[in-house]
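Here is the structure we will look at, set down as structure tokens.
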Amino acid sequence: MEDTLTIADRSFTSRLFIGTGKYASNRIMAESIRASGSEMVTVALRRVDIENENDDMICAIDRDRCVLLPNTSGARDAAEAVRLARLARAAGGIHWIKLEVTPDPYYLLPDGTETLKAAQQLVADGFVVLPYINADPILAKKLQDIGTATVMPLASPIGSNQGLKTRAAIEIIIEQAVVPVVVDAGLGSPSHAAEAMEMGADAVLVNTAIATAQDPVAMARAFKLAVEAGRMAFNAGQATRQKTASASSPLTGFLRKE
Amino acid sequence: MQSIGDILKDEKLDEHSTWLETLESVSADDVQRELSQSPGRFRLNRLLTLVSPAAETFLEEMAQQAQALTTQRFGRTIQLYAPLYVSNYCVNRCRYCGFNSTHDFDRRRLTVDEAVADAGIIASEGFRHILLVSGEDRTGVPPEYFCALATRLRGRFSSIWIEIYPLTCEEYARLFAAGIDGVALYQETYDRSVYADWHQAGPKSAYDHRLDSPDRFAQAGMRRIGLGVLLGLADWRAETLALSRHAAYLMKKYWKAQVSFSFPRIRPAYEVCDQFDHLVGDTELVQMMLALRLCFADAGIVLSTRESAALRDRLTGLCVTSMSAGSKTNPGGYTGKHTTEQFTIDDSRTPALVAAMIRSAGREAVWKDWDTAFSA
């Protein structure tokens, strides 16, 4: 059976989502997206003219292949995020939204309270909401309870390339979630992405590590393979890990009859 | 939390002479040790080390770290904006400025309609970020003028900054509500005695009122805080210490606002003669930018057309995040009016040529990186 990911009413064969900031040109961005095999591409509403069909960045994304996922990057509170999402839907006709409420412009860490508030309004408004959150298992539960399509916990601060610093909390989220868990932000190398997939994440989102690599297109392909490998390993059921080699039984050996 | 004025006083950062010896005493070993630390976080001592004379020999290493950090945090992009000068009337007598009230020339202020016309040219060149600039002309271009202008410009621009005289917190709040989201206000110099010497009359002579302005506009909700010193008035190394202290203070206190740094170097201007003891050369300018980047990973670094095309080309891939292009520094300049400019620009290339240069440097020229939909 094909191993597809379903979010709302869409199925995805690729489990790698791509961000579009930080590229040296729209051409390199487009080639990187193609090489990544991604079918979900997020775009900051602040960067594009969503109502303009000829917007350079939007035009560079192959929308036959990819779902265009607008995000509310830059919103400081729920009101701003909701307003931005509504205007995007009115202008661009897209009812999917990656909800980002990041009042601190330096580490861009998500505000859980405001994210929850915005998600409530947007879900009620009929949006498919994919919220960016701290790796907070309780917040993840609250969000899925109100009807978000996914939860997107961060691996480490966005753009930091530090990898899975929040591993322990993400493990809990994955264990408990009933919606897809997309590990977002901070994955700096393909091995980080593979690690998240091996843990059982449903997908990962990557931007900086690809866009600012020396060769973004090659790096996009590397992430594609890593995500596939990680997913395959997860499905394969990994062998048990232990700290020591398994020797004979020093404590209970005496019980064995000669 | 103490006021920034008290902090600077306590740490003697408003008295540059007290820091010169410490700056001289930094050794090459100190610089090396600092450069071995993970870059991007502020400590006064780190900044001091990186702006010291000893750090001059480490510029290449600093540049490499700054470039990597800037690319990581901002990507391979440079954001573009254009200034719109709306009035060259001014009640101040800053001895370095072409708009000095004692200078005799045909002053000009734009009506809101005229300013909208100039802004139309700016928009047609591709800009979506605009900076409204004026002299201290509160009677001619009062806060209501900027509210009215911003309301007219909101449809065409996604981000509107101002660089005008200091306002009250309530006035800033009105401007924010009208769609202005950033304020640039440079202290010019953080040294109190040098400040007093260069600003002998007019409202601008009040050092503390100016110093507290970023507090007022951050409290009013502004998202972007532009800081800077006018390079040439006082020792740039000591200025950078005070500037960085101010930035760190604002970032902690107003954690939702983003700080950016500008680096205006004194330029030839109308009736302003060469009488500056602290002019800053290219090497020093670059050292200052790099030191700030290595202490503030996420601060904007802005480079205007005051600088030459050759230097701007070189700095594009280094640590700059935002640039003006095709600037006119005289009111009505975009629609071809011949009025007196604040200073002579150096890089006179068209916006399209600057964008092409940015692309050839392997960066994307970003015209839009904000949206008026953020504001109510």
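Here the structure is a predicted model, which means the values were calculated and not measured. All chains are named by letter (A, B, ...) in the order of the sequence lines, taking the proteins before the strands, and each is independently numbered beginning at 1.
Here the OG1 atom belonging to A:Thr102 is positioned 11.0 Å from the NZ atom belonging to B:Lys256, to the nearest 0.5 angstrom. If you take OH on A:Tyr23 and OG1 on B:Thr77, they are separated by 13.0 Å, rounding to the nearest 0.5 Å. Distance check: B:Trp367 CH2 to A:Asp56 CG gives 11.0 Å after rounding to the nearest 0.5 Å. Rounded to the nearest 0.5 Å, atoms NZ (A:Lys22) and CZ (B:Arg73) are 6.0 Å apart. Rounded to the nearest 0.5 angstrom, A:Ser73 OG and B:Asp369 CG are separated by 7.5 Å. The CD atom of B:Glu364 sits 9.0 Å away from the CD1 atom of A:Ile28 when rounded to the nearest 0.5 Å.
Under a cut-off of 6.0 angstrom, the local environment of CZ in A:Arg221 is sparse, with at most 12 non-hydrogen atoms contributed by other residues, nucleotides or ligands. In this structure, B:Arg41 places its CZ atom where only 12 or fewer heavy-atom neighbours from other residues, nucleotides or ligands lie under 6.0 Å away. Counting non-hydrogen atoms of other residues, nucleotides and ligands closer than 6.0 Å to CZ of B:Arg314 gives a total of 12 or fewer.
Residue B:Ser158: no heavy atom, backbone or side chain, is found under 4.5 Å from chain A. B:Ala257 touches chain A through its backbone: at least one of N, CA, C or O sits under 4.5 Å from a heavy atom, while the side chain does not. A:Ala91 does not touch chain B: none of its heavy atoms, backbone or side chain, sits under 4.5 Å away. Interface remark: A:Pro216 contributes side-chain atoms only to the contact with chain B (heavy atom separation under 4.5 Å). Proximity to chain B involves both the backbone and the side chain of A:Ser25, based on heavy atoms less than 4.5 angstrom apart. In this structure, no portion of A:Leu108 lies under 4.5 Å from any heavy atom of chain B. For A:Asn207, no part sits under 4.5 Å from any heavy atom of chain B, backbone or side chain.
Taking the side chain as every heavy atom from C-beta outward, B:Phe74 and A:Thr212 never approach each other to under 4.5 Å. Within the 4.5 Å cutoff, the side chain of A:Tyr106 has heavy atoms near those of the B:Met251 side chain. Contact check for A:Arg47 versus B:Lys368: no side-chain heavy atoms found under the 4.5 Å cut-off.
Counting heavy-atom pairs closer than 4.5 Å to chain B, the top-ranked of the candidates A:Ala44, A:Ala209, A:Ala24 is A:Ala24. Interface check for chain B: of the options A:Asp77, A:Asp104, A:Leu87, the most heavy-atom pairs under 4.5 Å are formed by A:Asp104. Across A:Ser160, A:Gly159, A:Pro103, A:Ala75, the residue that shares the most heavy-atom pairs under 4.5 angstrom with chain B is A:Pro103.
Of all non-hydrogen atoms in B:Asp371 and A:Val48, the two that sit nearest each other are OD2-O, 4.2 Å. Closest of all the heavy-atom pairs between A:Arg76 and B:Met222 is NH1-O, 3.9 Å.
With respect to the salt-bridge test (charged N to carboxylate O, under 4.0 angstrom), the residues B:Arg223 and A:Glu80 qualify.
Side chain of B:Arg76 to backbone of A:Ala211: a donor-acceptor contact under 3.5 angstrom is found.
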